[in-house]
Amino acid sequence: MPTYVLSIKAELENVASLLPLNNVMWKFDIVNASSERKEGVTVCATDELELSGSRGHANFVMKWPGEKHESYIKIVHVKKVTPQYGAEDSGSMKPILGLECRGLEIERWIPGDDFVVESTSGVIFENVDLTENDWADYDERNDESVSITDLEYRIEKH
């Protein structure tokens with residue numbers, strides 16, 4: 001099955017790390033071989049759905065109209081892919097998520113509000129909202145602003 005990698009790039013200011021929550025609801029727009037689209041599907045690592053006629057499972061399962069087989073997305077471990085985007089990654093593209101797909105392709109990632117940021121002083125900001133591709137707050141401990149700007153992503157076959 002084809003494996004895809006979601007990579008991100010952002011400019012970090014006074015941010016030590018950006019990390020998705022453990023139960024992050026990854027949101028994607030998907031398309032099948034017939035160019036049918038489904039927007040805003042959610043995939044969560046804690047959701048384990050059985051695949052019909054198989055012993056396997058996936059994190060998102062659906063059947064396109066007129067198709068015989070189920071299509072699915074499964075969050076998978078890929079070598080050298082870690083979910084943390086750190087200060088040392090600022091300004092560069094870094095893979096953060098591995099996905100196995102069958103019967104569909106991921107067309108677009110829709111960032112959400114289920115990320116955690118740790119500032120350079122160790123202050124934790126929860127439920128960081130990246131829906132606008134930018135986020136900013138204030139670190140009172142260090143008396144400085146913290147921000148994530150210019151968020152970009154790429155989804156590539158691995």
Side-chain angles (χ1 to χ4, degrees), residues 1-33 37-51 54-62 69-137 139 146-158:
M1 296 304 120
T3 301
Y4 294 85
V5 173
L6 169 65
S7 299
I8 63 169
K9 173 183 173 183
E11 295 296 327
L12 307 181
E13 177 189 15
N14 300 316
V15 170
S17 69
L18 167 67
L19 192 65
L21 294 170
N22 288 336
N23 59 346
V24 62
M25 295 292 286
W26 298 99
K27 196 176 206 181
F28 301 103
D29 291 346
I30 58 173
V31 63
N32 70 0
R37 287 181 164 60
K38 190 156 176 83
E39 297 179 349
V41 302
T42 56
V43 181
C44 183
T46 59
D47 293 341
E48 290 200 0
L49 309 167
E50 289 187 25
L51 296 170
S54 168
R55 292 186 193 162
H57 69 277
N59 305 110
F60 170 81
V61 179
M62 70 163 290
H69 302 287
E70 291 175 322
S71 298
Y72 69 81
I73 301 172
K74 183 176 183 176
I75 295 173
V76 294
H77 173 75
V78 177
K79 256 186 181 178
K80 297 185 181 180
V81 174
T82 60
Q84 183 169 321
Y85 190 84
E88 67 280 359
D89 304 310
S90 184
S92 61
M93 197 62 72
K94 178 179 185 268
I96 62 164
L97 180 67
L99 300 157
E100 180 182 297
C101 301
R102 178 181 175 167
L104 57 85
E105 285 190 24
I106 297 173
E107 196 169 59
R108 181 171 78 107
W109 171 50
I110 304 164
D113 63 354
D114 29 19
F115 288 84
V116 174
V117 164
E118 181 179 356
S119 74
T120 51
S121 72
V123 173
I124 303 295
F125 298 89
E126 294 184 346
N127 299 316
V128 170
D129 187 349
L130 296 175
T131 55
E132 299 295 322
N133 298 328
D134 293 312
W135 168 85
D137 210 318
D139 178 352
V146 290
S147 67
I148 299 169
T149 57
D150 302 323
L151 177 67
E152 298 174 23
Y153 74 92
R154 239 184 0 225
I155 300 168
E156 299 175 303
K157 258 187 185 175
H158 183 69

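Taking the side chain as every heavy atom from C-beta outward, D129 and N127 never approach each other to under 4.5 Å. Contact annotation: the side chain of E70 approaches that of L51 to within less than 4.5 Å [non-hydrogen atoms, C-beta and beyond]. The shortest distance between side-chain heavy atoms of L21 and V116 falls below 4.5 Å. The shortest distance between side-chain heavy atoms of N14 and S119 does not fall below 4.5 Å. The closest side-chain heavy-atom distance from V15 to T120 is not below 4.5 Å. V146 places none of its side-chain heavy atoms less than 4.5 Å from the side chain of V117. Side-chain contact between Y72 and H57: absent, with no pair of heavy atoms (C-beta onward) separated by less than 4.5 Å. At least one side-chain heavy atom of M62 sits under 4.5 Å from a side-chain heavy atom of I30.
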side-chain contact (heavy atoms from CB on, under 4.5 Å) between L99 and F28: does it pass, once the steps are laid out?
CA-CA 12 Å; L99 300 157; F28 301 103; 3.8 Å; yes

What do the steps show when you test D137 against V123 for side-chain contact (heavy atoms from CB on, under 4.5 Å), and what is the final call?
CA-CA 11 Å; D137 210 318; V123 173; over 6 Å; no

Step by step, work out the side-chain contact (heavy atoms from CB on, under 4.5 Å) result for W26 and I73.
CA-CA 11 Å; W26 298 99; I73 301 172; over 6 Å; no

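Panel note: side chain S92, backbone D89; a donor-acceptor pair is recorded below 3.5 Å. Side chain of D47 to main chain of N59: no donor-acceptor pair is present (N/O by atom type, distance under 3.5 Å, no hydrogens or angles). Distance alone, capped at 3.5 Å, is enough to place a donor-acceptor pair between the S54 side chain and the G56 backbone.
We find the CG-CD distance between L18 and E118 to be 11.5 Å, quoted to the nearest 0.5 Å. To the nearest 0.5 Å, atom CD1 of residue I148 and atom CG of residue L12 are 6.0 Å apart. Atom CD of residue E48 and atom CD1 of residue I75 lie 10.0 Å apart, to the nearest 0.5 angstrom. Note that the CG atom of L6 and the CD1 atom of I96 stand 4.5 Å from one another [nearest 0.5 Å]. Expressed to the nearest 0.5 Å, how far CG of L151 lies from CD of E132 amounts to 11.5 Å. The line from CG of D139 to CD1 of I124 is 10.5 Å long, rounded to the nearest 0.5 Å.
Considering every non-hydrogen atom in both S71 and G103, the closest pair reads OG-O, 3.1 Å. Looking at every heavy atom in both residues, C44 comes nearest to M25 through CB-SD, 3.4 Å. Scanning all heavy atoms of the two residues, the minimum distance from N133 to P111 falls at OD1-CG, 3.7 Å. Nearest approach of P83 to P20, heavy atoms of both residues: O-CD, 3.3 Å.
Remark: aromatic rings of F125 and W135 are close, center separation under 6.0 Å.
Shown here are the salt bridge (Lys or Arg N to Asp or Glu O under 4.0 Å) partners of R102, two or more places apart in sequence or in another chain: there are none. For F60, the ring-ring contact (aromatic ring centres under 6.0 Å, His included) criterion is met by no residue, not counting sequence neighbours. For D29, the salt bridge (Lys or Arg N to Asp or Glu O under 4.0 Å) partners are R108, not counting sequence neighbours. E50 meets the salt bridge (Lys or Arg N to Asp or Glu O under 4.0 Å) test with no other residue; sequence neighbours excluded.
Annotation: N22, atom CG; neighbour count of heavy atoms from other residues, nucleotides and ligands within 6.0 Å does not exceed 12. Within 6.0 Å of the NE2 atom in H69, the count of heavy atoms belonging to other residues, nucleotides or ligands does not exceed 12.
Sequence neighbours left out, the pairs with a member in residues 77-86 that pass side-chain hydrogen bond (donor to acceptor under 3.5 Å, both in side chains) are T82-K94. Annotation: salt bridge (charged side-chain N to carboxylate O under 4.0 Å, His left out) contacts involving residues 148-158, sequence neighbours excluded, comprise R154-E156.
Put simply, the residue from V81, L97, T3 that forms a side chain to side chain contact (heavy atoms under 4.5 Å, CB included) with V76 is T3.
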